[in-house]
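See structure below.
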Amino acid sequence: MRLILLGAPGAGKGTVAKMLTAVDGSVQISTGDMLRAAVKEGTDLGKKAEAAMKAGDLVSDDLIMGIMEARLQEDACKAGFLLDGFPRTIPQAEALKGLLGRLDIKLDAAVNLNVSREVILDRLTTRRTCVDCGAIYNVKSAPTKVGGVCDKCGGKVVQRDDETEEAISNRLDVYNAKTAPLVDFYRGEGMLLDVNATSSDTVVAAIRQHIGH
Ligand code: AMP
């Protein structure tokens with residue numbers, strides 16, 4: 001399947017993407033994960049992206065399109081892909097449309113994961129992430145077996161720099177200003193699937209029913 005997953009930070013895009021990869025071997029493409037890896041490795045891209053990420057602001061459209069053009073042409077994406085956290089602005093959506101046209105790739109849908117601000121704030125302030133493998137935990141609903149240690153790889157599990165209350169509040173403002181307009185953009189393209197995302201299982205079922213997988 002080839003999907004765009006839209007929704008505010010904390011709406012569950014990453015969780016849903018991981019669940020969908022098991023359905024047909026489609027790959028999850030998370031621009032946030034790619035950028036965090038670049039920051040950790042100290043690459044040029046990482047150095048350019050770091051300050052904006054830490055503040056909860058967006059990285060420039062040019063940098064993002066540079067990494068996505070290369071990524072979408074990798075062999076692994078031939079089985080399908082789930083775009084998680086991209087596109088994030090109207091210029092990115094327009095550029096993606098042009099790129100997919102050139103590559104002759106058709107998307108199945110753009111799925112909008114709807115969740116209340118209350119649920120999002122609660123999810124993000126309690127979310128913890130493994131610095132080594134990126135596994136996601138939650139101090140309330142899915143804690144690590146041993147405090148601060150990843151169950152999967154033994155890495156350190158921490159609160160992300162951009163998951164302090166101040167950065168979260170900025171990320172939600174940035175989402176409303178820059179990313180929320182994509183819902184109307186994809187509705188206009190006749191591609192939008194709007195789902196209630198309080199439960200990830202329900203989202204996955206709605207997507208599978210919609211695209212017939
Ligand atoms: P995420 O893990 O998707 O919430 O992304 C974490 C951070 O990476 C965001 O707050 C942005 O600073 C940056 N980022 C991720 N994806 C994009 C994108 N498509 N465009 C611009 N910035 C992005």
Side-chain angles (χ1 to χ4, degrees), residues 3-18 27-41 43-72 77 81-100 107 110-113 115 117 119-138 157-183 185-186 197 200:
L3 296 176
I4 295 173
L5 298 172
L6 295 171
K13 300 183 295 293
T15 305
V16 165
K18 283 191 180 70
V27 292
Q28 174 187 9
I29 303 182
S30 157
T31 39
D33 284 350
M34 290 161 86
L35 292 168
R36 276 184 289 279
V39 170
K40 199 171 150 207
E41 285 160 24
T43 63
D44 246 21
L45 169 70
K47 285 184 190 129
K48 285 181 188 147
E50 193 168 8
M53 290 177 74
K54 199 163 178 178
D57 291 329
L58 292 184
V59 172
S60 80
D61 291 335
D62 285 352
L63 277 185
I64 296 291
M65 289 318 300
I67 58 175
M68 284 307 296
E69 281 213 37
R71 184 76 174 98
L72 282 171
C77 295
F81 50 78
L82 308 153
L83 300 182
D84 160 13
F86 169 84
R88 219 52 168 235
T89 62
I90 294 283
Q92 287 180 22
E94 299 276 14
L96 175 66
K97 188 176 170 182
L99 175 63
L100 293 177
L107 296 173
V111 186
N112 182 34
L113 279 64
V115 201
R117 191 178 169 101
V119 172
I120 283 171
L121 283 175
D122 185 57
R123 280 186 190 167
L124 290 181
T125 48
T126 54
R127 181 155 86 174
R128 299 292 180 270
T129 308
C130 173
V131 291
D132 287 333
C133 73
I136 305 282
Y137 296 92
N138 185 289
V157 172
V158 300
Q159 185 165 31
R160 273 168 41 181
D161 281 346
D162 62 355
E163 285 175 355
T164 59
E165 277 201 45
E166 195 188 347
I168 288 170
S169 160
N170 188 37
R171 282 164 73 201
L172 291 178
D173 289 346
V174 169
Y175 172 79
N176 287 328
K178 304 253 176 76
T179 310
L182 294 185
V183 173
F185 177 91
Y186 286 111
S200 302

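Values below: every heavy atom of this structure, side chains too, minus hydrogens, waters and symmetry copies. We count ligands from 1, going down the list as the structure has it; atoms in each ligand are counted the same way.
For atom 13 (C) of ligand 1, the closest non-hydrogen atom on the protein side is Leu35 CD1, 3.6 Å. Counting protein heavy atoms only, atom 6 (C) of ligand 1 is closest to Arg36 NH1, 3.5 Å.
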- Should Phe86 and Ile29 be marked as a side-chain contact (heavy atoms from CB on, under 4.5 Å) after you check the CA-CA gap, both sets of side-chain angles, and the distance that decides it? CA-CA 8 Å; Phe86 169 84; Ile29 303 182; over 6 Å; no
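The contact set between ligand 1 and Gly85, taken as ligand atoms under 4.0 Å from a residue heavy atom, comprises 16 (N), 17 (C), 18 (C), 19 (N). Counting the atoms of ligand 1 from 1 in the order shown, those under 4.0 Å from a heavy atom of Gln92 are 18 (C), 19 (N), 20 (N), 21 (C). Less than 4.0 angstrom separates some heavy atom of Thr31 from each of these atoms of ligand 1: 15 (C), 16 (N), 17 (C), 19 (N).
Judged purely by atom type and a 3.5 angstrom limit, Thr31 uses its side chain to pair as donor or acceptor with the backbone of Gly85. A distance-only check finds a donor-acceptor pair linking the side chain of Lys13 to the backbone of Ala8 [under 3.5 Å]. Judged by distance alone, with hydrogens and angles left aside, the side-chain atoms of Arg123 form a donor-acceptor pair with the main-chain N or O of Gly10 at under 3.5 Å. Put simply, the side chain of Thr179 gets close to the backbone of Arg88: a donor and an acceptor are under 3.5 Å apart.
Scanning Arg88, Arg171, Met53 for the heavy atom closest to atom 9 (C) of ligand 1 points to Arg88.
Contacts of Asp57 with ligand 1, taken as heavy-atom pairs under 4.0 Å, involve the backbone alone. When non-hydrogen atoms are compared, ligand 1 lies under 4.0 Å from the backbone of Val59 as well as from its side chain. With a heavy-atom cut-off of 4.0 Å, Ile64 touches ligand 1 through its side chain alone. Contacts between Arg160 and ligand 1 below 4.0 angstrom, taking non-hydrogen atoms only, involve the side chain exclusively.
Side-chain contact between Leu72 and Phe81 is present, with heavy atoms from C-beta onward closer than 4.5 Å.
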What side-chain donor-acceptor pairs closer than 3.5 Å can you find for residues 44-58, not counting sequence neighbours?
unit_1 : atom_1 : unit_2 : atom_2 : d
Lys47  : NZ     : Gly42  : O      : 3.3
Asp57  : OD1    : Asn170 : ND2    : 2.9

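No heavy atom of Lys13 sits closer than 4.0 Å to any atom of ligand 1.
Take Asp122 and apply the side chain to side chain donor-acceptor pair (under 3.5 Å) test, not counting sequence neighbours, and it matches Lys140.
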